[in-house]
Amino acid sequence: MGSRTTVLLWRAGLAVALVCGIGLLPWLTRTDPARTVLKARSAERDPSPEVLAAIRDQLGLGEGPLRLLGQWFGGLWRGDAGRSWISGAEVMPAVTQALSVSLLLMAAALAVAVVTAGLVCARTLSGRGRRGGSGSAVLAALPEFLTASVLATVVGVQLGWLPALGWYGPRWTVLPALALGLPAGAVLGRLLDDLLPGALAEPWALSAAARGLPRRGIARQAVRRCLPGLLPNLGLFVVGLTGGSVAVEQIFDIPGLGRTTLQAALAQDLPVLQAGTLALVLLAAGCAGTARLAARWLIGPALRDGALPSLRRPSPPGRDGVRFFGYGGVLLGVVALGLPRDPLALNTVERLQPPSWKHPFGTDALGRDMLARVAHGALDTLLLAVGIGAVALVAGVLLGLLPRLSGPLVDTVNAMPPVLCALLVTAVVGSGSATPAIAVSVVAWAPLATHTSALLRQERAAPHVTAARGLGAGRRHLLRYELLPAVIPPVTRHALLRLPGLALALASLAFLGLGAQPPSPEWGLLLAENQPYAERAPWAVLAPAAVLGLLGALAVSAGGGVRWLRRRAVATQPHLRRAELVVAE
């Protein structure tokens, strides 16, 4: 009971610190909130000292930050989140309406994600072949804002099948749900596909197959067996789909919580920003608690009794090495061909030219060579994404070993979309090339820590760990020889799978104008600059998008190298080979 109370206090303290930090934002920055509010209300009005003083008195800024925070927290007990500094309207009805819109969009996107994940795992579940190739990784690497733009332009405008703007009924949810759900479902499908072979090789599955039970029933139970390890990450996706869909809401003109929070942050409308952030924090805590309860219900007493079989299995040899060198060779070839070219050379005579021998990727709206811009942008984007991914992997594994510390921290961090983190970083330290890296690094470790904690929870209940503990193995021995060898390979593959997502997050921030600035050839900025010309010159958008997809395929094939290293370790180290034999029995 004491540990639960400590965790609850830690969770509540983090949430209060987050909301207070946002509330103190005007006093942490070098900008005058009264001047910002005046500009939002009336850009033509002269910001004289008298006018600014009147706005400070009206908003209560002259009373100091602590008193303002105290009044805001006091109003929450009465269901009153204050009034907007910009419009003067009550905050709570607006935030509640925005949350309801985001929850409906999240439910539709989650349905799309579940169907997509099922399609990714279809071959493994049916037993017709090896696990899915790199197509799902390419789908996971597609930028949400690019998918949304293509769907809105082609399906909504050109074909007229579905509405592309607004939020007026169920038909308006289809395109944004597809834009959000397809990449998320691809990631979830890859994570599930990584666990299914272990579940299908367990004794119950082999016995059921030998008795001639239907494959469909075995597949259903195998999915149920793997869900506990995925539910925490599924909770992260739920919150991410609710608060992190800012670009999609912007493109489709959806009045959701992510867009509302972003607009409030840009305008420094603190009452709206605080209420929106608090809603995201509460949603993150609720999803995390529900995921934990569902995981315990699915596992049952096996987790308590130490009788849960391990899902760790040696993977059969595949063609991942061939694919890795193939994709890597193509990516290196693109970079090598483009580096000698000048990415900043302007030639308006050749603007928006299609691909040719002179310009293999075509040109943009200013006549600049797209191959040169993609190649030069790859250096910054790839190196930065790999660096952030390595830091996130180390931090995620270390914090995942301490679930009581990292659990509430993950819930709080996950409630902060990278866009909002970038805005806070920009407000405190200013805009620059480091802003996206800091913002993405703040949240990149959370899914890996959650994955580590979930796998460790199940692995501790495995028979081989129970046997090793009964033979007198200490905590350090169990951690080094039993737990970490089972956890690090799948978490590393998870980190590799998220590598394109990191590049995508950096690209999304650049797309929203929070990262690199022109004339930088950063991939996100390339997509943002050329998106208005997607219908007229699709090659200007498809070139950076194709390289992002290639990065996704490369990351998945690199995961095969992790499996190969694991097989080599099992074959050459006796203690690991004995552990695998115990698991196999």
Side-chain angles (χ1 to χ4, degrees), residues 98 100-122 132 134-193 233-234 236-259 417-419 497-498 500-501 504-505 507-508 511-512 524 527-528 531 534-535 538 541-542 544-546 548-549 552-553:
S100 64
V101 170
S102 291
L103 289 177
L104 179 59
L105 177 59
M106 175 268 294
L110 195 59
V112 174
V114 171
V115 173
T116 305
L119 294 176
V120 171
C121 303
S134 304
S136 58
V138 175
L139 182 61
L142 288 178
E144 295 170 351
F145 55 83
L146 177 62
T147 307
S149 300
V150 172
L151 291 174
T153 302
V154 177
V155 180
V157 177
Q158 293 182 346
L159 299 178
W161 292 347
L162 291 168
L165 291 176
W167 186 262
Y168 304 104
R171 295 179 67 243
W172 279 262
T173 65
V174 177
L175 293 183
L178 288 173
L180 289 171
L182 289 176
V187 175
L188 286 175
R190 292 297 308 187
L191 294 178
L192 178 60
D193 204 42
N233 275 284
L234 185 61
L236 297 184
F237 274 108
V238 169
V239 182
L241 292 175
T242 305
S245 56
V246 180
V248 175
E249 291 179 357
Q250 290 276 61
I251 291 172
F252 289 102
D253 194 23
I254 299 175
L257 186 61
R259 184 185 178 193
V419 174
L497 184 63
R498 286 189 174 271
L504 171 60
S508 300
F511 176 80
L512 294 172
L527 291 168
Q531 190 227 347
E535 184 177 355
V541 175
L542 291 178
L548 273 174

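The ring-ring contact (aromatic ring centres under 6.0 Å, His included) analysis of residues 147-171, with sequence neighbours excluded, yields the pairs Tyr168-Trp172.
For the side chain to side chain contact (heavy atoms under 4.5 Å, CB included) test, residues two or more places apart in sequence or in another chain that qualify with Val112 are Thr116, Ala177, Leu178, Leu182.
When all heavy atoms of Cys121 and Gly189 are compared, the closest pair comes out as SG-O, 3.3 Å. Nearest heavy atom pair, residue Ile254 against residue Gly166, reads CG1-O, 4.3 Å. Residues Leu175 and Leu151 approach most closely at O-CD1, 3.6 Å, considering heavy atoms. The minimum heavy-atom distance between Pro183 and Ala179, with the atom names listed, is CD-O, 3.3 Å.
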side-chain contact (heavy atoms from CB on, under 4.5 Å) evaluation trace for Asp253 with Arg259: CA-CA 9 Å; Asp253 194 23; Arg259 184 185 178 193; 2.6 Å; yes
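For the atom pair Leu257 CG and Glu249 CD, the distance stands at 7.5 Å (nearest 0.5 Å). The structure places CG of Leu105 at 11.0 Å from CG of Leu110, a figure rounded to the nearest 0.5 Å.
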